[in-house]
Amino acid sequence: MNLPNMIEAKKRDKNANIENYVYEEIRIDDSLKGKKYYVRTYGCQMNEHDGERIKGILSTQGLIETDDLNDASLVILNTCAIRENAQTRVFGFLGLIKKLKETKDILLGICGCMAQEESVVNEIRSKYKYVDFVFGTHNLDGMVGVINECISTGKQNVEVYSVLGSVCEGIPENRDSKYSAWVDIILGCDKFCTYCIVPYTRGTQRSRRWEDIIKEVNKLKELGYKEVTLLGQNVNAYGKDLYDDYNLANLLRDVSNTGIDRIRFVTSHPWDFTDEMINVISECDNVMPYVHLPIQSGSDRILKLMGRRYTREEYVNLYNKIRNTIKGVSITTDIIVGFPGETEEDFQCTLDVVNECKFDGAFTFVFSPRENTPASLLEDSTPIEVKSERLHILNDVVNKYSLEANQKCVGEIHKCLVLGVSEKDSSKYMGYTENMKLVNITSDIDIIGNIVEVKIDDAKSFSLNGTII
Ligand code: SAH
Ligand code: SF4
Ligand code: F3S
């Protein structure tokens, strides 16, 4: 049995050789052939993409996907550990499956970032004995082996590696969309921001070889995909661990040369954002003018405690450079309120920077202490009510600027990639502008999967309404 160890996870050898290998298929136990499986994924886009792989592996083994939990013989929860409430949701859902398990045979597994946490795994072993198997983010490709062993022994099987991580190419994927695809370019994270659990759960920073990425994009283009989103916890660090003279700017140019219609990338840490990258984004028509640039706080004192490696001034300078160089760019951010020791003055600095930058959008969070992270050990005397109040105040300001940015689009014509039917109104379609604004589109003809020109009729804080022209 392998258990994760978070102290070990931090003792990294930066010069260690990262294992790079190709996926090897293992036959799943015959008892599962033809049975239905249900996968629920929480968390970020990288985890969503892992969810597509879990489905890919199971489907190629002859299992059938269902979105009805009651129909499933195999249930897998692909979890997120970023904040306490992400974990609470998973434990809540587990309770529901426990009840269902009393009425029928279900094989239940947990994977994803929670599975890489020592305390969670210990809790599952002691209190959640009805969970049949656990595997981590580093051995997703070994999932079938873990399931088979669980079936053959009839015991709870926990197999989570506390390693630097590896790069496994060629895992089958059942992609959720036929038009827009996730493409991992760099796995893990080495930044160790003091509040964040990701470097522990996802392992060290490791880039995929650029040849493998280009091959994947070419294949997606052949399959009819219109858009790829290059993924990483910090895509700007792409290549640093592999090459001396090949970075994200080079990769963006090479992906651009494949001729795929749209290229996006998330997430960018302000620390590694180079002028070369800004130039590539502004020069290549198929690299979309959208940057997600998390600031986290507007207070230099808090930024330092967070280990973010930039000051507010440096952030704002970068922000303005991006704004002024890339035509039509939209910029969104992430902000944490209530970091340990955050004073009213610190919070005011955050509001000030939001008023200065006027972001197109922001994801805002209340600080959540994560196991074994340095920030979780800091003295924190701010009551939760005060933190919630700060979040509330911040959201009002953030939403005001989102609405303003969206209102500027009214009357303009925007190219939108239409991904499906609108969730809010099934008589409309939904798509994204080049600068990543969600548009509900009125059209008499089916436009799903196409890039169409849309006249923007009106704006809300989180979406636009428009009509096809
Ligand atoms: N790699 C990305 C962020 C991934 S996590 C980056 O560095 O930009 C997404 C967001 O969750 C972070 O930007 C941060 O705002 C938030 N977050 C991470 N850890 C958190 C914690 N412990 N409490 C509250 N929010 C957190
Ligand atoms: Fe977490 Fe910081 Fe890495 Fe982002 S850059 S994943 S916030 S440690
Ligand atoms: Fe969550 Fe893991 Fe992503 S903690 S945000 S699923 S990297």
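Both ligands and their constituent atoms are indexed starting at 1 by order of listing.
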So if I count the atoms of ligand 2 from 1 in the order they appear, which ones are less than 4.0 Å from some heavy atom of [X]?
| X | answer |
| --- | --- |
| F192 | 8 (S) |
| R308 | 2 (Fe), 7 (S) |
| V198 | 6 (S) |

**Request:** Answer side chain, backbone, both or neither: which part of H292 comes under 4.0 Å from ligand 1, heavy atoms only.
**Result:** neither
**Asked** Is it the side chain, the backbone, both or neither of Y195 that has a heavy atom closer than 4.0 Å to ligand 1?
**Response**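 Contact part for Y195 vs ligand 1: both backbone and side chain.
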In the protein, which heavy atom is nearest to [atom], and how far is it?
| atom | answer |
| --- | --- |
| atom 7 (O) of ligand 1 | R308 NH1, 3.5 Å |
| atom 7 (S) of ligand 2 | Y195 OH, 3.4 Å |
| atom 5 (S) of ligand 1 | I82 CD1, 3.5 Å |
| atom 1 (Fe) of ligand 2 | C196 SG, 2.3 Å |

For ligand 1, which is the ligand I care about here, please tell me if [X] has any N or O atom under 3.5 Å from one of the ligand's N or O atoms.
| X | result |
| --- | --- |
| Q233 | yes |
| S368 | yes |
| D334 | yes |
| R83 | yes |

**Per atom 4 (Fe) of ligand 2, closest listed option by heavy atom (M46, Q233, R309)** =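 Among M46, Q233, R309, the closest heavy atom to atom 4 (Fe) of ligand 2 belongs to Q233.
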**Prompt:** For ligand 2, which part of N234 has a heavy atom less than 4.0 Å away: the side chain, the backbone, both, or neither?
**Reply:**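 For N234, no heavy atom sits under 4.0 Å from ligand 2.
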**Prompt:** Which bit of P199 is near ligand 2, meaning a heavy atom under 4.0 Å away: side chain, backbone, both or neither?
**Reply:**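 Within the 4.0 Å criterion, P199 contacts ligand 2 through side-chain atoms alone.
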**Request:** Give the atoms of ligand 1, by number and element, whose distance to some non-hydrogen atom of T267 is under 4.0 Å.
**Result:**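 Under 4.0 Å from T267, ligand 1 has these atoms: 2 (C), 6 (C), 8 (O).
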**Centroid separation Y200 to F192 less than 6.0 Å** =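 So the answer is yes for these two rings.
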Residue-ligand contact [X]/ligand 1, heavy atom below 4.0 Å:
| X | value |
| --- | --- |
| R370 | yes |
| I197 | no |
| I336 | yes |

**Prompt:** So, R253 and N279: side-chain donor and acceptor under 3.5 Å apart, yes or no?
**Reply:**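 Distance-only check fails for R253 and N279.
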**Request:** Anything protein N/O/S under 2.8 Å from atom 3 (Fe) of ligand 3? Just list residue and atom, please.
**Result:**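 Atoms qualifying: C44 SG.
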**Prompt:** Can you tell me if C189 has an N, O or S atom under 2.8 Å away from atom 2 (Fe) of ligand 2?
**Reply:** no
**Message:** If we only consider heavy atoms of Q296, is any one of them less than 4.0 Å away from an atom in ligand 2?
**Reply:** no
